[in-house]
Amino acid sequence: MSRDGREKNGNGLERRGDFSGKRGPGTVFSKDSGWWKEYAGFAAVMSLLVLLGGWHFLDVQAGTQETGDFWLRGGYLFLFAGVVCGLSIFYCRWFVREKPLSSYAPLLIFVSGCLYMLVLAPLSAPDEIAHFMSAYKVSSHMLGQSAVDEGGFILIRREDDFLQNIYGAGGDEERISLGRRLDAETYAVLKEHGTSVLVDDAGKEMHSSVYRPVNTTPLAYVPQALGIAAARLIGLNGVVLAFMGRLCNLAFFTVFVCLAIRLFPGCGALLLGVSLLPMTLHVAASYSYDAFVISLSFFFASYCLKLAFLSPEVRKRDLAVLAAVIAALGPCKIVYGLFMGFALLIPREKFGGAKQWLASAAVVLSAFAGAVAVMNRTAFLGLSSETENLIAWAGEEGYELSFLLHRPVRFLDLFYETILGAKLGNLDPLLSTPFPALMCLTVCLVLLGSAQEKEVLYLNGWQKAWLLFLAAGCLAGLMAVMLLSLTPVSSQVILGVQGRYLLPFLPFVLMTLKSSRLLRTGGRDEGLIFLMSAVNGYVLLRLFGIVSMRV
């Protein structure tokens, strides 16, 4: 060990700190750990949460007095008790006993997602109605039934028609899907349609919806479709069906995020932290294929990092896993093919030589290119055609591919002017995470990204620069896609670009903060995760209060 406390392990990775074998200053029950400070912190956080929860209960009371839906008070109190008890159990069961992160991550993600699922009603996430209908189509294929009519519109049960139109038949101008605007009436509709659990034969009759499927890989809707298919087989009502599809999507997200954490513990806390962000939980507990994209991105990147820093060699089955995952991920959003760049962190020696490395790269790249070519052929033909690019929703001419090639300065100007949003519930401005809560979550993530004493530092300078380059390329690619597909030429910003699209890269960008020059000497990752969970509890209570008050 060098004079300043640095040490190299067997793989040449840098460690720094006291290697005497003593437990660090974050240990709860050590003599000088200051455990009372941690208990005082827990008491302060819970006291503030109870105070704010009581404040938002006044919002629920005001809303119920206006609508007469006094049962919402009971719903809020149930949520409040669940948040307080859940945080207390987490603190006593895992934080005090110093259990490893992997032991509580699955339950924490899944339970947090379930709470978001209950507060933010079905079809309230961005574009969730389109994803729901696409999953419905896949469920029909699973059941061996017709999925679309002659016009390409998706067939659904009559029982489920209220999900696409809560006001029933009566004209397109009155049509609004459940959750499109979250208010007290949304909760009332769920209560009304959820009274009878089983559906009669008339409700099982299929008829055409007003939606066509999303043009992407059907694999992105398999988890949601499994829940829908199970509900249809049993004959459950539309409310239960909507929640079952969401529940299966959340379960898929939880499993693959936790697998990513186990594969490469070096970024486990960051993966869990990003998974606990309100927007992440919101889409993970919805029908959005963003849950599929984010979890598989985490898995692919962690698998590459495991092969780069922990595994002695790259086996054929490792190559098969990487090829399968990137083939499933690519067609959803092509720009996430940049995740293949993580494989370049793996030393060539682990492949057995340069030839084997080239052959392996060809296999993974071919899997990605083949899947994209098959699933996105129509989109490519549209971009390559010489017809005018018309943005349907705006009724205006849109940008064309030649614009990116011949006017890069203008593209950079649009890039600069674009502001990324982060609102919940179909980007509802009132259902956003408050700024103080956002700042608290940001500080927690930055601290999780800082190195602790005795922590192995995996990334060197060029590897950090490479990860940042991949993230920047992803952002530029996303903006280019949204510019061509959604932005009319009259717009001064690129429309449709949202912060949730950058969530797959966020943990690995934060991982580049780890350095031996800046160490976090106090506090444990579990404490930061607990604080993020408490912030989520407050966000949930606030959202319930706002929705109940909107009449």
Side-chain angles (χ1 to χ4, degrees), residues 11-13 217 219 256-257 259-268 270-271 274 292-373 375-376 456-478 501-512 514:
N11 294 325
L13 301 173
T217 171
L219 290 176
F256 274 87
V257 169
L259 285 174
I261 292 173
R262 287 182 176 272
L263 280 171
F264 190 70
C267 62
L270 282 170
L271 291 173
V274 172
F292 182 86
V293 170
I294 294 170
S295 57
L296 287 190
S297 298
F298 287 178
F299 180 84
F300 185 90
S302 293
Y303 208 112
C304 290
L305 292 173
K306 170 182 174 287
L307 294 175
F309 299 110
L310 302 180
S311 299
E313 62 178 357
V314 178
R315 299 162 296 181
K316 291 183 178 179
R317 69 179 183 182
D318 297 324
L319 191 62
V321 170
L322 293 179
V325 173
I326 202 64
L329 179 62
C332 289
K333 284 189 173 66
I334 300 174
V335 293
Y336 292 132
L338 288 169
F339 270 93
M340 289 186 291
F342 278 79
L344 296 179
L345 298 175
I346 307 172
R348 294 186 181 183
E349 296 76 16
K350 293 189 177 184
F351 291 89
K355 291 183 179 180
Q356 292 83 347
W357 179 85
L358 288 173
S360 300
V363 169
V364 175
L365 185 60
S366 298
F368 170 79
V372 169
M375 299 306 307
N376 300 88
V456 177
L457 303 180
Y458 292 96
L459 301 176
N460 57 32
W462 79 264
Q463 290 168 332
K464 292 179 180 180
W466 177 243
L467 294 187
L468 293 174
F469 173 78
L470 292 177
C474 178
L475 176 59
L478 286 168
Y501 296 150
L502 302 179
L503 290 173
F505 269 102
L506 183 55
F508 310 104
V509 170
L510 292 171
M511 192 179 174
T512 64
K514 293 183 181 294

Peer 1: Give a yes or no on whether the ring-centroid distance for Phe300 and Tyr336 is below 6.0 angstrom.
Peer 2: no
Peer 1: Between Ser311 and Asp318, is there a side-chain heavy-atom distance shorter than 4.5 Å?
Peer 2: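 Side chain of Asp318 against side chain of Ser311, heavy atoms only: no contact under 4.5 Å found.
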Peer 1: So, for Leu344 and Trp466, which heavy atoms are closest and what is the spacing to 0.1 Å?
Peer 2: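 Minimum heavy-atom separation between Leu344 and Trp466: CD1-CZ2, 3.5 Å.
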Peer 1: May I ask you to decide if Phe292's main-chain N or O and Ser295's side chain share a donor-acceptor pair within less than 3.5 Å?
Peer 2: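 Side chain of Ser295 to backbone of Phe292, a donor-acceptor pair under 3.5 Å: yes, one is there.
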Peer 1: Minimum heavy-atom separation for Tyr458 and Gln463, please, with both atom names.
Peer 2: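 Taking every non-hydrogen atom into account, O-OE1, 3.5 Å.
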Peer 1: List the steps, then state whether side-chain contact (heavy atoms from CB on, under 4.5 Å) holds for Leu478 with Leu502.
Peer 2: CA-CA 9 Å; Leu478 286 168; Leu502 302 179; 3.8 Å; yes
Peer 1: Before we go on, tell me: are the rings of Phe339 and Phe505 under 6.0 Å apart, centre to centre?
Peer 2: yes
Peer 1: Check whether any side-chain N or O of Lys464 sits under 3.5 Å from a backbone N or O of Lys514 as a donor-acceptor pair, and report yes or no.
Peer 2: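 Between the backbone of Lys514 and the side chain of Lys464 there is a qualifying donor-acceptor contact (under 3.5 Å).
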Peer 1: Can you tell me how far the CG atom of Leu307 sits from the CG atom of Leu319, to the nearest 0.5 Å?
Peer 2: 9.5 Å
Peer 1: Please tell me if the side chains of Cys332 and Thr217 come closer than 4.5 Å, counting only heavy atoms from C-beta onward.
Peer 2: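 Contact flag for Cys332/Thr217 side chains = yes.
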Peer 1: To the nearest 0.5 Å, what is the distance between CG on Leu338 and NZ on Lys333?
Peer 2: 14.0 Å
Peer 1: Would you say the side chain of Val293 lies within less than 4.5 Å of the side chain of Leu503, judging by non-hydrogen atoms?
Peer 2: no
Peer 1: Between atom CD1 of Ile326 and atom OH of Tyr303, what is the distance when rounded to the nearest 0.5 Å?
Peer 2: 14.0 Å
Peer 1: State, to 0.1 Å, how close Ala371 and Ala327 come at their nearest heavy-atom pair, and which atoms those are.
Peer 2: CB-O, 3.2 Å
Peer 1: Please assess Cys304 against Leu345 for the test side-chain contact (heavy atoms from CB on, under 4.5 Å), listing each intermediate value before the final yes or no.
Peer 2: CA-CA 7 Å; Cys304 290; Leu345 298 175; over 6 Å; no
Peer 1: Taking all heavy atoms of Leu270 and all of Pro507, pick out the closest pair and write down the distance.
Peer 2: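 Where Leu270 meets Pro507 most closely, the heavy atoms are CD1-O, 3.4 Å.
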Peer 1: Tell me if a side-chain donor or acceptor on Trp357 pairs with a main-chain N or O of Ile346 at a distance below 3.5 Å.
Peer 2: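 No, because the side chain of Trp357 does not come within donor-acceptor range (under 3.5 Å) of the backbone of Ile346.
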Peer 1: Show the nearest heavy-atom pair for residues Ala308 and Pro347, with the distance to one decimal.
Peer 2: O-CD, 3.8 Å
Peer 1: Within this structure, what is the OG1-CG distance for the pair Thr512 and Leu467, rounded to the nearest 0.5 Å?
Peer 2: 7.0 Å
Peer 1: With heavy-atom distances below 4.5 Å as the criterion, would you say the side chains of Gln356 and Val314 are in contact?
Peer 2: no
Peer 1: Rounded to the nearest 0.5 Å, how far apart are CG of Leu329 and CG of Leu219?
Peer 2: 11.0 Å
Peer 1: Could you pull out the closest heavy-atom pair between Met511 and Cys267, with the gap in Å?
Peer 2: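 Looking at all heavy atoms of both residues, the closest pair is SD-CB, 3.9 Å.
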Peer 1: Can you tell me how far apart CG (Leu305) and CG (Leu459) are? Round to the nearest 0.5 Å.
Peer 2: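 Answer rounded to 0.5 Å: 7.0 Å.
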Peer 1: So do Phe508 and Phe298 actually touch side chain to side chain, heavy atoms under 4.5 Å?
Peer 2: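 SC-SC contact between Phe298 and Phe508 confirmed.
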